[in-house]
Amino acid sequence: LPRSSCGIVVSAQIVQHLTDSSARQCGPCLFGLDSLAEVMQRVASGRARRSDVARLERISAEVAGRGACHHPDGAIRMLGSALQVFAALQGRDR
């Protein structure tokens with residue numbers, strides 16, 4: 001990412017793209033990815049709630065392994081990696 005980009009904002013955009021790209025044929029894609037995208041938009045826009053990280057973890061755990069096509073699994077793995085990487089960078093001079 002360019003130095004001017006925010007990793008959380010880009011991650012939220014990727015989650016939204018994956019949500020928009022899903023077939024929306026099963027609950028994990030229809031409800032799980034929508035919920036992840038909603039929470040990530042709040043976080044990326046600076047309107048995060050105290051419970052949002054726990055909510056992301058809960059939704060991810062509920063959705064993992066349940067999609068027929070594994071599309072939600074890929075979205076969850078990407079999001080988990082992004083949150084881990086950008087949490088490690090928090091407070092560091094990039």
Side-chain angles (χ1 to χ4, degrees):
L1 292 175
R3 288 172 101 40
S4 61
S5 294
C6 173
I8 295 297
V9 170
V10 172
S11 297
Q13 292 168 343
I14 293 170
V15 171
Q16 187 62 58
H17 174 75
L18 292 171
T19 299
D20 294 343
S21 299
S22 78
R24 304 178 74 75
Q25 296 294 309
C26 65
C29 275
L30 185 60
F31 302 112
L33 293 183
D34 278 347
S35 295
L36 288 174
E38 174 189 323
V39 175
M40 281 303 295
Q41 287 299 332
R42 241 190 346 261
V43 171
S45 68
R47 297 175 297 134
R49 300 174 185 160
R50 289 185 188 266
S51 62
D52 278 344
V53 171
R55 185 165 184 214
L56 289 171
E57 291 170 349
R58 181 182 54 78
I59 295 166
S60 294
E62 290 172 353
V63 170
R66 295 189 60 216
C69 67
H70 302 289
H71 180 75
D73 292 328
I76 289 166
R77 282 193 299 272
M78 184 285 304
L79 180 58
S81 294
L83 293 175
Q84 185 177 25
V85 166
F86 298 123
L89 293 176
Q90 183 179 6
R92 287 179 36 189
D93 185 27
R94 294 182 235 165

- Task: Quick one: list whatever passes side chain to side chain donor-acceptor pair (under 3.5 Å) with Arg47, sequence neighbours left out.
- Result: Ser45
- Which residues share a side chain to side chain donor-acceptor pair (under 3.5 Å) with Arg24, sequence neighbours left out: Asp34
- Tightest non-hydrogen contact, residues Met40 and Leu56, listed as SD-CD1, 3.7 Å
- Message: Quick one, Asp73 and Val63 - any side-chain contact, counting heavy atoms below 4.5 Å?
- Response: no
- Which atom pair, heavy atoms only, marks the closest approach of Ser35 to Ile59? CB-CD1, 3.6 Å
- Task: Check whether any side-chain heavy atom of His70 sits under 4.5 Å from a side-chain heavy atom of Arg77, and report yes or no.
- Result: no
- Query: By salt bridge (Lys or Arg N to Asp or Glu O under 4.0 Å), which residues pair with Arg58, not counting sequence neighbours?
  - Reply: Glu62
- Pairing residues for Glu57 by the side chain to side chain donor-acceptor pair (under 3.5 Å) criterion, not counting sequence neighbours: none
- Query: Going only through I, L, V, M, F, W and Y residues with side-chain contacts under 4.5 Å, is there a path from Leu79 to Val10?
  - Reply: yes
- Query: Are Val85 and Val53 in one and the same hydrophobic cluster, where Ile, Leu, Val, Met, Phe, Trp and Tyr link if side-chain heavy atoms are under 4.5 Å apart?
  - Reply: no
- Interatomic distance, CG@Leu18 vs CE@Met78, rounded to 0.5 Å, equals 5.5 Å
- Message: Are Val15 and Val39 packed together at the side-chain level, in the sense that at least one heavy-atom pair is separated by less than 4.5 angstrom?
- Response: no
- Message: Please determine whether side chain to side chain contact (heavy atoms under 4.5 Å, CB included) holds for the pair Arg50 and Arg55, giving the CA-CA distance in whole Å, both sets of side-chain angles, and the decisive distance to 0.1 Å.
- Response: CA-CA 9 Å; Arg50 289 185 188 266; Arg55 185 165 184 214; over 6 Å; no
- Item | Connected via hydrophobic side-chain network under 4.5 Å: Leu1 and Val9 | no
- In chain order, what residues pass the side chain to side chain contact (heavy atoms under 4.5 Å, CB included) check against Gln16, with sequence neighbours excluded? Thr19, Asp20, Ala37, Gln41
- Between the main-chain N or O of His17 and the side-chain N or O of Ser21, is there a donor-acceptor pair closer than 3.5 Å? yes
- Phe31 with Leu36, same ILVMFWY side-chain cluster at under 4.5 Å: no
- For Arg66, which residues count as a side chain to side chain donor-acceptor pair (under 3.5 Å) partner, sequence neighbours excluded? none
- Item | Distance-minimising heavy-atom pair for Pro72 and Gly67 | CG-CA, 4.2 Å
- For Phe86 and Ser11, the nearest pair of non-hydrogen atoms, with its separation, is CE1-OG, 3.5 Å
- Query: Got Leu33 and Pro28 here, is their nearest side-chain heavy-atom distance under 4.5 Å?
  - Reply: no
